[in-house]
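These notes are about the structure you will find just below.
Every number for a ligand or one of its atoms is a count from 1 in the order of the listing. Just so it is clear, the values below take in all heavy atoms, side chains as well, and ignore hydrogens, waters and symmetry mates.
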Amino acid sequence: HKRVAILISGGGSNMVSLVDSMTGNHPARPCLVLSNDPQASGLVKAADRGIPTAAVDHRPFAGDRAAFEAELLKPLEQAQPDIVCLAGFMRVLTGDFVSRFQGRMLNIHPSLLPKYKGLNTHARAIEAGDAEHGCSVHEVTAELDDGPILGQARLAIEAGDTAASLAARVLVFEHKLYPAVLRRYASGDRNPVLLS
Ligand code: GAR
């Protein structure tokens with residue numbers, strides 16, 4: 001089995017969908033759930049599922065990204081992951097950190113990339129009057145929310161949608177898309193997964 005480490009910052013619903021998918025004939029298994037917030041409720045969900053967990057609080061590093069990443073790297077390297085999945089991980093990683101996992105780090109982002117990199121994606125899609133919105137899984141490169149797209153799920157924006165209603169609908173698609181991409185990726189297939 002390929003070893004998968006998952007990085008989270010909060011509730012970890014995407015992490016749960018990934019962990020729960022890695023059973024049976026799946027080519028991968030979870031080896032670590034790591035958070036930058038020791039209070040992240042996702043850590044409890046991972047521990048309940050028997051996955052090793054670790055946390056490195058970013059706050060004491062107050063902007064010293066290199067020092068934070070040096071600490072983050074310790075549990076991650078110990079876990080010896082073949083694949084690293086960012087799943088609601090809300091810290092920007094430096095090129096130096098990313099380069100250590102080049103070609104084996106994935107991220108899920110709540111927009112149809114290359115549209116709406118960064119934050120507040122749902123509000124921005126509504127504000128722009130877009131007919132469609134969705135989520136993307138991509139390979140992580142040094143550029144934020146960039147890198148080869150490995151899967152997308154799209155849905156229609158309805159009249160009356162708010163950022164919150166749209167976020168909730170996109171999240172349901174995220175929970176389908178990320179496990180589908182990980183399964184394909186872990187078996188060595190880089191062709192994009194397209195859902196709608
Ligand atoms: C998800 O919607 C994910 O796409 C988004 O945060 C949420 C995390 O939810 N990620 C980003 O915005 C990355 N910049 P979760 O903790 O329940 O998986």
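The closest protein non-hydrogen atom to atom 11 (C) of ligand 1 is Met90 SD, 3.6 Å. Summary of contacts: the protein heavy atom closest to atom 2 (O) of ligand 1 is Glu174 OE2, 2.8 Å. Gly12 N, 2.9 Å is the protein heavy atom nearest to atom 16 (O) of ligand 1. For atom 9 (O) of ligand 1, the closest heavy atom belonging to the protein is Asn14 ND2, 4.1 Å. Considering only non-hydrogen protein atoms, atom 8 (C) of ligand 1 sits nearest to Gly88 CA, 3.6 Å.
Remark: the backbone N or O of Ser111 is not paired with any side-chain donor or acceptor of Thr121 at under 3.5 angstrom.
Close approach of ligand 1 to Pro110 is summarised as follows: ligand atoms under 4.0 Å from at least one heavy atom of the residue are 4 (O), 5 (C), 10 (N), 11 (C), 12 (O).
Considering backbone and side-chain N/O atoms, Asn107 never comes within less than 3.5 Å of an N/O atom of ligand 1.
Atoms CZ and CG, on Phe89 and Leu72 in that order, are 5.0 Å from each other to the nearest 0.5 Å. Taking OG of Ser187 as the start and NE2 of His26 as the end, the distance is 8.5 Å to the nearest 0.5 Å.
Among the candidates Ser13, Ser21, Ser17, the single residue satisfying the side chain to side chain donor-acceptor pair (under 3.5 Å) test with His175 is Ser13.
Connection of Met105 to Leu150 is not established within any shared hydrophobic cluster, with ILVMFWY side chains joined at heavy-atom distances below 4.5 Å, either directly or through further cluster members.
Taking the six-membered ring for Trp and the full ring otherwise, His133 and His122 have centroids separated by under 6.0 Å.
Between Gly42 and ligand 1 there is no heavy-atom distance shorter than 4.0 Å.
Ring planes of His58 and Phe68: perpendicular class, angle over 60° (limits at 30 and 60°).
In the candidate list Ser41, Ser13, Ser111, Ser13 is nearest to atom 15 (P) of ligand 1, counting heavy atoms.
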